[in-house]
Amino acid sequence: ATIVAIDGPVASGKSSLARKVAKRLGFAHIDTGAMYRCVTFEAMRRQIPLTDADTLTTLAHSLDIRYIDSHDGEQNRVLLNGEDVSEIIRTPEVSRNTSPVADVPTVRHELVRLQRQLALRGRCVLDGRDIGTVVVPEAHWKFYVVASLDERVQRRLLQYQSEGHAVDVEKLRADIIERDRRDRARTHGALRLAPNATILDTTDISLEEAVEMVAALVEQAL
């Protein structure tokens, strides 16, 4: 009853929603996507082929991934083997290569095991692609966040620009469409709607409105 699962496609706003809902409720925020990004970044840094499933799995098992509170109370910092990688794991290059790594079933197995350990402590908000269907299907609160393709492209563009990354809009659109395809076609942990999830379309509502809708439901029940 104190586990909130938030799923949705790339750039739908689920991570921002999860972070702020967690802050509002006083829960921990577990950004599962950051785990896959950490494995991807470390593989790229070590020049491990992203098609080498065995080495990627060994790498995923060996990494120490932790979340710590940020000084500004906003997005948690992500530590990879003690190194703060919060910004670098969200660059366009890492984003573009994360799906192939997440497609590896044995990598997913390693990370889902860690995610369940964290989630089953309770009082947490998790966001990802398969939280309500695979990671913690027993979660009482399940939300599936969507937004139009144009809105998602615009959001991701503004994010990259604010971080100083030069991005071609059409390439960004193509990347998001390809991410959607891969996420839905994945054999293990595919993006899909849990039968008892609440669909939340964030295209035409503010982040604050979405936070209020989700948090109010949980608060009322608690």
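Everything numeric in this text was worked out from a predicted model, so none of it was measured. When reading the values below, keep in mind they use all heavy atoms of this one structure, side chains included, and skip hydrogens, waters and symmetry mates.
- Between D175 and R96, at least one side-chain N (NZ, or NE/NH1/NH2) sits under 4.0 Å from a carboxylate O, which counts as a salt bridge.
- In this structure, CG on L17 lies 4.0 Å from CD1 on I6, to the nearest 0.5 angstrom.
- I30 has its side chain out of reach of R121: every pair of non-hydrogen atoms, C-beta onward, lies at least 4.5 Å apart.
- You'll find the side chain of C38 reaches within 4.5 Å of the side chain of V85, heavy atoms only.
- Residues L120 and I3 are in side-chain contact: their nearest non-hydrogen atoms beyond the backbone lie under 4.5 Å apart.
- When each of V145, D31, V4 is tested with D127 by the rule side chain to side chain contact (heavy atoms under 4.5 Å, CB included), just one qualifies, namely D31.
- The side-chain heavy atoms of Y67 and V78, taken from C-beta on, include a pair separated by under 4.5 Å.
- A distance of 11.0 Å separates CZ of F41 from CG of L63, quoted to the nearest 0.5 Å.
- Taken from OG1 in T98 to CD1 in I89, the straight-line distance is 8.5 Å, to the nearest 0.5 Å.
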Side-chain donor-acceptor distances from residues 209-218 under 3.5 Å, at least two apart:
| from | atom 1 | to | atom 2 | distance (Å) |
| --- | --- | --- | --- | --- |
| E209 | OE1 | S206 | N | 2.8 |
| E209 | OE1 | S206 | OG | 3.2 |
| E212 | OE1 | R24 | NH1 | 3.0 |
| E212 | OE1 | R24 | NH2 | 3.3 |

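- For the side chain to side chain contact (heavy atoms under 4.5 Å, CB included) with I48, the qualifying choice from T58, T55, V101 is T55, the only one to do so.
- Side-chain contact check for Q154 versus L158: some heavy-atom pair is nearer than 4.5 Å.
- For the atom pair CG (D204) and CD (E151), the distance works out to 7.5 Å, reported to the nearest 0.5 Å.
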**OP:** Please assess S148 against D150 for the test side chain to side chain donor-acceptor pair (under 3.5 Å), listing each intermediate value before the final yes or no.
**Re:** CA-CA 5 Å; S148 69; D150 286 345; 5.7 Å; no
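- From R186, atom CZ reaches atom CZ of R108 across 4.5 Å, with rounding to the nearest 0.5 Å.
- Other residues, nucleotides and ligands contribute over 12 non-hydrogen atoms within 6.0 Å of the CD atom of Q117.
- Side-chain contact between R37 and R90 is present, with at least one heavy-atom pair separated by less than 4.5 Å.
- Using a 4.5 Å cut-off between side-chain heavy atoms of Ile, Leu, Val, Met, Phe, Trp and Tyr, L157 falls into a hydrophobic cluster with V10, L149, V153, Y160, V167, V169, L172, I176, I177.
- Each salt bridge (charged side-chain N to carboxylate O under 4.0 Å, His left out) pair with one or both residues in residues 56-65, not counting sequence neighbours, appears once here: D64-R66.
- By the 4.5 Å heavy-atom criterion applied to side chains, D7 and K142 are not counted as neighbours.
- Heavy atoms of other residues, nucleotides or ligands lying less than 6.0 angstrom from NE2 of H165 number more than 12.
- For the pair L191/Y144, a side-chain contact is recorded, criterion being any heavy-atom separation below 4.5 Å from C-beta on.
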